[in-house]
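All figures in this text were calculated on a predicted structure; none of them were measured in a lab. Naming convention: chains lettered A, B, ... in sequence-line order (proteins, then strands); numbering from 1 in each chain.
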Amino acid sequence: MSTQMIISVMSKDRTGIVADITGAVYELGGDLADLNQSTLGGYLTMILFATFDEDVSPDMLMQKIDTIDSPTTLDVVARTITTAPDPALSELPPKTYIMTTQGPNRKGLVYGVSSFCFEHDINILDLATTIKKGIYTMVLQLDLSRVESIVEVREALADYARDQGLQIVLQHHDLFKVTNEIPF
Amino acid sequence: MLRSDQILATVEMIQKENLDVRTVTMGINLLDCRASSIGQTCRNIEDRISERAGKFVETCNFVSRKLGIPVVNKRISITPISFVGAGFTRDDFVALAISLDRAAAGVGVDILGGFSAQVEKGLTMTDREYIHSLPEALRVSETVCASINIASSQKGINMDALAMLGPTIKEIAERTADQGGFGAAKFVVFCNQPGDNPFMAGAIHGVEEADTVLNVGVSGPGVIARSLEKLISAREADENGLKLDEIAEEIKQTTFRVTRCGELVGRQVSDILGVSFGVVDLSLAPTPKVGDSVGEILHILGVDAIGAPGSTAILAMLNDAVKKGGIFASKTVGGLSGAFIPVMEDAVLAEAVGKGDLCLEKLEAMTCVCSVGIDMVAIPGSVDGDTISAIIADEMALGMVNNKTTAVRIIPVPGKEVGESVSFGGLFGASPIMAVRNVGKSSRFIGWGGRIPAPVHSFKN
């Protein structure tokens with residue numbers, strides 16, 4: 001038997017963080033299944049799956065990471081998981097949509113839009129935001145697999161956008177793929 | 001995930017820059033609808049169109065909503081009607097037009113094209129009857145568009161057919177005088193007419209095609225114009241300055257994106273309907289809407305008046321860059337694929353006519369380097385039929401010698417002269433009447449008849 005672990009790391013960004021963390025995993029005999037990292041405003045966050053021998057525990061991994069001579073604070077959480085990560089879940093579902101919302105910056109914009117998604121059983125797969133000249137832009141990658149009627153969601157979204165004074169556009173992910181990617 | 005800036009660029013193309021899929025056109029073979037009587041033939045045609053295209057509009061709307069991109073027009077093209085109606089009389093052809101009009105309305109398409117004939121080498125009795133039917137057929141039908149191919153690089157120009165067309169166009173316009181001669185806007189004369197063009201009025205379902213095919217026309221002069229404005233303003237402070245080859249590259253890349261959207265829509269619609277996908281036609285087809293103009297692109301690229309020296313060169317570069325960007329983006333490219341300069345449908349071109357900047361001769365020169373030809377040009381109703389035939393002859397010669405498609409869609413507006421205007425509304429647009437010089441001086445030429453032989457470079461076998 002082996003131990004599956006999910007590990008999350010947050011730190012001020014610097015060179016060598018990925019090498020430090022994956023080095024600790026390697027030294028404990030771990031096998032890295034998948035890794036995703038992102039940076040925002042000078043900070044890094046990373047999530048990774050790893051498989052260890054049965055006798056390796058999350059505490060042992062945390063202790064190993066504590067021994068790293070890091071100039072930044074590494075906030076790390078490690079947990080064992082009972083089911084192995086499903087590679088199929090990393091694939092985009094057929095009903096992947098992109099929603100872009102734009103409007104004057106104010107508090108609660110992300111909260112409002114994400115609540116709209118929650119109320120309509122829409123899962124947010126990815127989200128990026130930018131602010132430029134006082135205009136707040138959100139780009140959300142959404143899974144609409146559980147939505148029965150795209151027409152009804154569009155109507156509800158149009159009402160929501162009007163009430164909130166936002167410009168919201170919902171388009172299928174394929175449209176962005178074909179305009180920005182060359183297929184292999 | 002795709003980068004946010006890529007996503008926002010695409011959203012901007014669709015929301016602010018008028019990117020849409022201009023037309024999805026379903027081509028339907030009608031050859032086997034021919035029966036021994038006109039009544040039964042009409043019934044067969046209406047059954048065929050309703051069977052093939054019954055769910056066509058609904059499916060286009062579904063894909064449009066699903067993807068979040070507008071599909072502006074849903075159209076049908078059919079086998080050139082002269083083949084289907086072989087042996088019929090002019091009255092029978094009028095009955096066919098009425099039947100097609102009813103079928104188009106039944107399935108909810110905007111326009112139906114293919115009330116057509118192909119006579120580039122010779123005229124049959126049927127072809128003559130077909131030509132004689134045109135004025136009445138286009139008066140009694142609303143959605144039916146007609147076209148005729150009278151010339152090709154392989155066969156030359158059929159001057160007998162051509163001589164009939166000037167007076168026919170005048171007659172078409174006069175029968176629809178209450179609508180400013182609108183009937184003539186539904187009739188186009190071709191050299192080298194393609195069998196898979198999805199744009200009207202010249203769409204046909206060529207006899208070389210399969211039973212049912214979907215062709216898509218993408219457009220987007222507005223998208224190109226906005227992307228060029230952005231590029232120019234971003235590089236204003238650049239000490240090296242922006243050069244034309246960089247501008248051509250920008251047009252190419254923008255066209256790539258536009259074309260990919262059209263291909264996506266077309267393939268999804270054809271998958272749902274179980275119909276084979278034909279081609280993407282990458283044409284910059286303007287609409288009268290502000291900001292959706294080919295003329296505006298010429299302005300942006302440096303001529304202060306449309307028709308000023310340099311206009312032809314800019315158009316040549318634009319047309320070529322559009323083709324290059326689109327060819328890589330689509331698996332199958334066909335139709336006309338280039339920049340259109342339909343005067344009435346392009347507000348900036350129409351304005352140039354009003355100011356006297358753009359004359360017929362310059363327009364003719366511009367058609368040498370773009371698709372399609374002298375398109376949607378309103379001329380005085382007093383211009384005689386032979387002069388109209390001769391205008392067509394010149395345009396046909398350009399296409400024949402240069403191995404390209406050229407066409408003429410000209411409207412002799414009844415009772416109107418230079419200084420007045422005509423408006424058809426909607427996508428057909430409006431324009432001041434364009435002057436025709438040297439009227440009445442080409443009759444001896446048109447009187448010869450016969451054929452202009454194909455040019456020497458057509459002998460390639």
Undergrad: Using a cut-off of 6.0 Å, state whether more than 12 heavy atoms not belonging to B:E246 lie near its atom CD.
TA: yes
Undergrad: Got more than 12 heavy atoms from elsewhere within 6.0 Å of CE, A:M10?
TA: no
Undergrad: How far apart are the closest heavy atoms of B:L67 and A:R154, and which atoms are they?
TA: C-NH2, 4.3 Å
Undergrad: Any chance you could measure A:N180, atom CG, to B:R260, atom CZ, to the nearest 0.5 Å?
TA: 9.5 Å
Undergrad: What distance do A:Q171 atom CD and B:K66 atom NZ have between them, rounded to the nearest 0.5 Å?
TA: 13.5 Å
Undergrad: Heavy-atom count around B:K55 NZ within 6.0 Å, excluding the residue itself: above 12?
TA: no
Undergrad: May I ask you to test the A:Q141-B:I7 pair for a side-chain heavy-atom distance under 4.5 Å?
TA: no
Undergrad: Going through the checks in order, is the side-chain contact (heavy atoms from CB on, under 4.5 Å) test met by A:V178 and B:E263?
TA: CA-CA 9 Å; A:V178 298; B:E263 171 114 356; over 6 Å; no
Undergrad: What do you reckon, is CD1 of A:I131 surrounded by more than 12 foreign heavy atoms closer than 6.0 Å?
TA: yes
Undergrad: Under 4.5 Å heavy-atom distance to chain B, tell me which part of A:L175 shows up: side chain, backbone, both or neither.
TA: both
Undergrad: Evaluate whether atom CD of A:Q167 has more than 12 neighbouring non-hydrogen atoms of other residues, nucleotides or ligands under 6.0 angstrom away.
TA: no
Undergrad: Start with the C-alpha gap between A:H172 and B:L264, add the side-chain angles, then the distance that decides, and say whether side-chain contact (heavy atoms from CB on, under 4.5 Å) holds.
TA: CA-CA 11 Å; A:H172 198 278; B:L264 179 71; over 6 Å; no
Undergrad: Would B:F256 and A:T179 count as a side-chain contact (heavy atoms from CB on, under 4.5 Å) here? Give the steps.
TA: CA-CA 7 Å; B:F256 174 85; A:T179 49; over 6 Å; no
Undergrad: Heavy-atom cut-off 4.5 Å, strictly under: side chain, backbone, both or neither for A:T129 against chain B?
TA: neither
